[in-house]
Amino acid sequence: MWIGAIPRVRLAHLPTPVEELTRLRQEIGGGPRLFIKRDDATGLAVGGNKVRKLEFLVADALHCGADTLITAGGVQSNHARMTAAAANRFGLDAVLVFDGDEGAPLQGNQLLDRVLGAQTRFLSLPAPEALEITREELREQGKRPYVIPVGGSTGLGSMGYVLAMQELAEWGRDHETSIDHVVVASGSGGTQAGLQAVVWSQNLPVQVIGMSVSRDERVLAELVATIATEAVQHVGLTKVFSSEEITVRDEYVGPGYAQVTPECLRAIELAARTEGIILDPVYTGKAMAGLLDLIKQGYFAEDENVVFIHTGGIPGLFAYAEHFAL
Ligand SMILES: Cc1ncc(COP(=O)(O)O)c(C=O)c1O
C-alpha cells in the first residue's frame, strides 16, 4: 500500500524549510557541512515534530468516530500540547494526563495547554495505566475517547516521519546535496523509526543517529526497531528491523529525562547566538550537544553533509529560565 492511501488530516505547514548552519559551523572551527530541517516550523500551536504524527493519528480517531483525544506525558510534554491543539482544529475534546504533581507551574507547555482549553489530570501511575483509567472514566460518561500513546509513537504515528524523510530526500535531490547523516532527538522512538523506515525502504545511503533524551541506548534501539517494523507494515512491506540496524547514542542524556546538562545549555546558547535558532533543554538542546560532541571527536568526514532535525519543543525552554540567569 502507498502512504498516500493512508487517511491523513492536514495540520502541518509542509514542506518545512532546510537551512544551512554556516555561522555555527564557522564558530566551531569547521567540520562537516551542517543543515537544519526546521520541524519547529510545522506551524500548529508553536510547532514541533508531533504535528506530523498527529496528521495520521487524528485521521484515525475521526475514522473511529471519536469525540475526545486522550494522551499522556511529562508535565512539559510538547506532544500533549500539540494533541490539544489538533483536537481543537477538529472540534474534539482533549484530556491530557500528566505524570507529576498537580502543582506544576503554569509555564511553557502547561500554560499553552490551559490557553488551548484542554482538560488536564495528574496521575502518578505508569502512562499505559493512567491512559486506560482515563479512557474507562470517559466511556462511563458516555464519551467516545481515542487514546494516543505517549509521544504518538505507534507505527501509524511514525508515518509522519516517513513523509518527513521522503521530503528531506527530495530536498537533497533538488539541491544536489547528498545527505550522509541525519541527527534527531529520540524519546519515545517514533520519529527515528519513521526516518529509519524510509532509509531502509528506499535504500538510502543515510545514517540516522538518534540522540536519546532518556533511555539506555539498547532499550531505545529495540523500541525504534519495533516501531519501524510496524511502520513498514502500514505501507504493505515486511521487514523485521533489528536493534543492530538502529544507531542510538545515550551519552548526552545527563542525569535523566528533562534534567539539563551544561553541554545542552551551551548548545542552546550557541545555536541562538550564531544562527538565531531556539532549541529546548529537554530534546533538541541535548541532541545538538551530542552532534557538536561527535563533530569534535571527528566522527564525521569534512566532506560529509549532516542534517539536524529541529523537532521543536520551544515552549519547554520557558520552564527552565533559572538555568539561563546571569
Ligand atoms: C521537541 C521534541 N523533540 C523530539 C521528541 C522525540 O520524539 P519521539 O518521541 O518520536 O522520539 C519529542 C517527543 O516528545 C519532542 O517533544
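Note that the structure is a prediction, hence the values are computed from the model and not measured. Hydrogens, waters and symmetry mates play no part in the numbers below; they use all other heavy atoms, side chains included. Atoms within each ligand, like the ligands themselves, are counted from 1 in listed order.
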Examine ligand 1 and decide if any of its atoms is less than 4.0 Å from a heavy atom belonging to Gly48.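 Gly48 does not count as a contact of ligand 1 under the 4.0 Å cut-off.
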So is Gly151 close enough to ligand 1, meaning a heavy atom under 4.0 angstrom away?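 Per 4.0 Å heavy-atom rule, Gly151 does not contact ligand 1.
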Counting only heavy atoms closer than 4.0 Å, does ligand 1 sit against the backbone of Gln192, its side chain, both, or neither? neither
Side chain, backbone, both or neither: Asn49 near ligand 1, heavy atoms under 4.0 Å: side chain
Between Glu275 and Arg23, does at least one N-O distance fall below 4.0 Å, as a salt bridge requires? no
Could you walk me through whether Arg273 and Glu27 satisfy the salt bridge (charged side-chain N to carboxylate O under 4.0 Å, His left out) test, starting with their C-alpha distance in whole Å, then the side-chain angles of each, then the deciding distance to 0.1 Å, before giving a yes or no? CA-CA 10 Å; Arg273 293 172 192 188; Glu27 183 67 26; over 6 Å; no
Look at the side chain of Arg114 and the backbone N and O of Gln107, then say whether any donor-acceptor pair between them is shorter than 3.5 Å.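 Flag not set: sc Arg114 to bb Gln107 has no pair under 3.5 Å.
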Measuring from atom 6 (C) of ligand 1, which candidate in Ser153, Gly312, Gly187, Gly160 has the nearest non-hydrogen atom?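 Heavy atom nearest to atom 6 (C) of ligand 1 belongs to Gly187.
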Considering only non-hydrogen protein atoms, determine which one is nearest to atom 9 (O) of ligand 1 and report residue, atom name and distance to 0.1 Å.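 In this structure, atom 9 (O) of ligand 1 has Ser188 OG, 2.5 Å as its nearest protein heavy atom.
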Using a plain distance cutoff, I'd like to know if [X] has any nitrogen or oxygen under 3.5 Å from a nitrogen or oxygen of ligand 1.
X: Asn78; answer: yes
X: Gly189; answer: yes
X: Thr311; answer: yes

What's the verdict on salt bridge (charged side-chain N to carboxylate O under 4.0 Å, His left out) for Glu269 and Arg266, showing C-alpha distance, side-chain angles and the deciding distance? CA-CA 5 Å; Glu269 289 179 351; Arg266 274 205 296 278; over 6 Å; no
So is Lys239 actually on top of Phe241's ring, under 6.0 Å and inside 45° of the axis? yes
